[in-house]
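All chains are named by letter (A, B, ...) in the order of the sequence lines, taking the proteins before the strands, and each is independently numbered beginning at 1.
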2 protein chains.
Amino acid sequence: MEKSDPVTVTLTDRLFDTLQRAIVEGEIQSGSKISEPELARLHGVSRGSLREAIGRLEARKLVERKPNLGARVVSLSYEQLIEIYQVREALEGMAARLAAQNMSDKEVEELQSLLNEHGREIEEVHGEAYFQKQGDLDFHYRIVQGSKNHHLIGLLCNDLYHLLRMYRFQFGMRSKRSSQAYDEHHYLLNAIASRDPEMAELLMRQHIRSSRRNVERMLLES
Amino acid sequence: MEKSDPVTVTLTDRLFDTLQRAIVEGEIQSGSKISEPELARLHGVSRGSLREAIGRLEARKLVERKPNLGARVVSLSYEQLIEIYQVREALEGMAARLAAQNMSDKEVEELQSLLNEHGREIEEVHGEAYFQKQGDLDFHYRIVQGSKNHHLIGLLCNDLYHLLRMYRFQFGMRSKRSSQAYDEHHYLLNAIASRDPEMAELLMRQHIRSSRRNVERMLLES
DNA sequence: TTGACTAATATTGTCGACACATAACAGAAA
DNA sequence: TTTCTGTTATGTGTCGACAATATTAGTCAA
């Protein structure tokens, strides 16, 4: 009789999740100072637990801490976003390469149906926002999982993606290129399905570069 | 009047450094359990501070923690080492690409003299151990710095390199291919000096792949 | 002897309080 | 008024103690 995963997650764990969401979604203003006593009182928790949670946020680069001065939520800059995209290009490129080698046939099939789904939705809605918001992340997420490289998976899914979501939330970045992105996903998946690692990496990197250029344009307008 | 950097680093900081060194160099057996009360007593420090230090070690993937069970030093496996090399290939490849674009002429020159130095040392000593141990890291370190991408620099210099050093210490990995590595460094630096990002990335990735193959051979012997 | 159940022990999670550093403020000197 | 200095106040760093959970030891029955 399997006891269903006691969900005993420690208090610090829950706190961390809560704070991460609050920061990513902008409830806690980016760049603002974090007062330990205030936050602790607010969440009805001791400062010790809070500090451990903040420590984890720092590890994920969502807050910055200076000794004796306290912690601030990172402030989002254009330069930092570019840096993130460069790292992402490198890592996801490798993920695509590995996915072409290591994804199971079943996973590839499921990814194909997911992509078909996206295609229909784009036709129907004359696809505007949905794609970037959810579908895009889903697609990338699955490929990263398919790499089967746990270190890589951790770096992308635990660290980078939250930072990216933070930018999307706060800069209101929604792509106006869903049909192009869809095409790119299509080619990429073909490369993976034909087990062509070289091509998969190449296409993934192009896809991310073009996504970056799109973001650059968008930000330079405002 | 510049006050010289108060070196007030918090107690947790020093603890973290100490523990990180101890783990990397194998003083604390890999795979062994970390007892909070014991370690705290040993270092004459409270459990709270120790726990914060352990938290940072966890973020750098040097220890693994399970709720209510405590922390263990990561156990090094062949599979994990391969994973690390794959991540490293992706990240350092990108670093080399960016370095070719962003390194200052001065930095390139300094790197060239460093490499010449290495060349002389290899000739003299009929270069055995030195290269892998120090020179190799120096060279890579500088290129990563030259990328000017702080996110990338953090990932490589703060996280990956310590893990790698841990493997080297504990598996006693010393390369028997210093002259080949030297040649590869040479070609790579040429690409950077001629500001050829594409070629720089290509050569760096080949270099790391061949280093990985070397490590694989070495481990499969024992 | 083995197995399961219970009691005792040790370890982790959480808390509140104290020590110290930094920031805010008020008053004196220029 | 402006600047400097000493004082107050807020906030972070560190600690020791209590509560909750896991591990070990011990007991009894099969």
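- dA10(C) atom C1' lies 12 Å from atom CD of Glu38(B), rounded to whole Å.
- Between the CG atom of Asp13(A) and the C1' atom of dT12(C) there is a distance of 13 Å, rounded to whole Å.
- In this structure, CZ of Phe16(B) is placed 16 Å from P of dG13(D), rounded to the nearest angstrom.
- Atom CD in Glu36(B) sits roughly 14 Å away from atom C1' in dC15(D) (whole-Å rounding).
- Close to dT12(C), at under 4.0 Å from its OP1 or OP2, lies a side-chain N or O of Lys33(B).
- In this structure, of dT14(D), dT22(C), dG13(C), it is dG13(C) that holds the atom nearest to the side chain of Arg51(B).
- A close approach under 4.0 Å does not occur between any side-chain nitrogen or oxygen of Ser46(B) and OP1 or OP2 of dT14(D).
- Contact of the Glu52(A) side chain with the Thr10(A) side chain is not registered, since no non-hydrogen atoms from C-beta on lie closer than 4.5 Å.
- Evaluation of atom-type donor-acceptor distances gives a pair under 3.5 Å for the side chain of Arg47(A) against the base of dG13(D).
- A salt bridge does not link Glu25(B) with Arg168(B): none of the charged nitrogens is closer than 4.0 Å to a carboxylate oxygen.
- Distance Arg65(A) CZ to dG13(D) P: 6 Å, rounded to the nearest Å.
- Using a 4.0 Å heavy-atom distance criterion, Leu39(B) is classed as making no nucleic acid contact.
- The phosphate of dC15(C) (OP1 or OP2) has a side-chain N or O of Ser49(A) nearer than 4.0 angstrom.
- At whole-Å resolution of the value, NZ in Lys66(A) and C1' in dA21(C) are 16 Å apart.
- Distance from the side chain of Ser35(A) is smallest to dG11(D) among dT14(C), dG11(D), dA22(D).
- To the nearest angstrom, P of dG11(D) lies 13 Å from CD1 of Ile54(A).
- Cation-pi geometry between Arg56(B) and Phe16(B) is met: the NZ or CZ atom falls under 6.0 Å from the ring centre, inside 45° of the normal.
- Rounded to a whole Å, the CG atom of Asn68(B) is 9 Å from the C1' atom of dT11(C).
- Residues Ile143(B) and Leu189(B) fail the side-chain proximity criterion, which asks for heavy atoms closer than 4.5 Å.
- Across all strands shown, Gly70(A) has heavy atoms under 4.0 Å from sugar-phosphate atoms exclusively, and none from any base.
- The side chain of Pro37(A) sits closest to dG11(D) out of dG11(D), dG13(C), dT14(D).
- Listed nucleotides dT11(C), dT23(D), dT14(C) differ in distance to Thr12(A); the shortest reach to its side chain belongs to dT14(C).
- Separation of atoms CD (Glu36(B)) and CZ (Arg47(B)) is listed at 4.5 Å; rounding is to 0.5 Å.
- Under 4.0 angstrom from either OP1 or OP2 of dT12(D) there lies no side-chain N or O belonging to Thr10(B).
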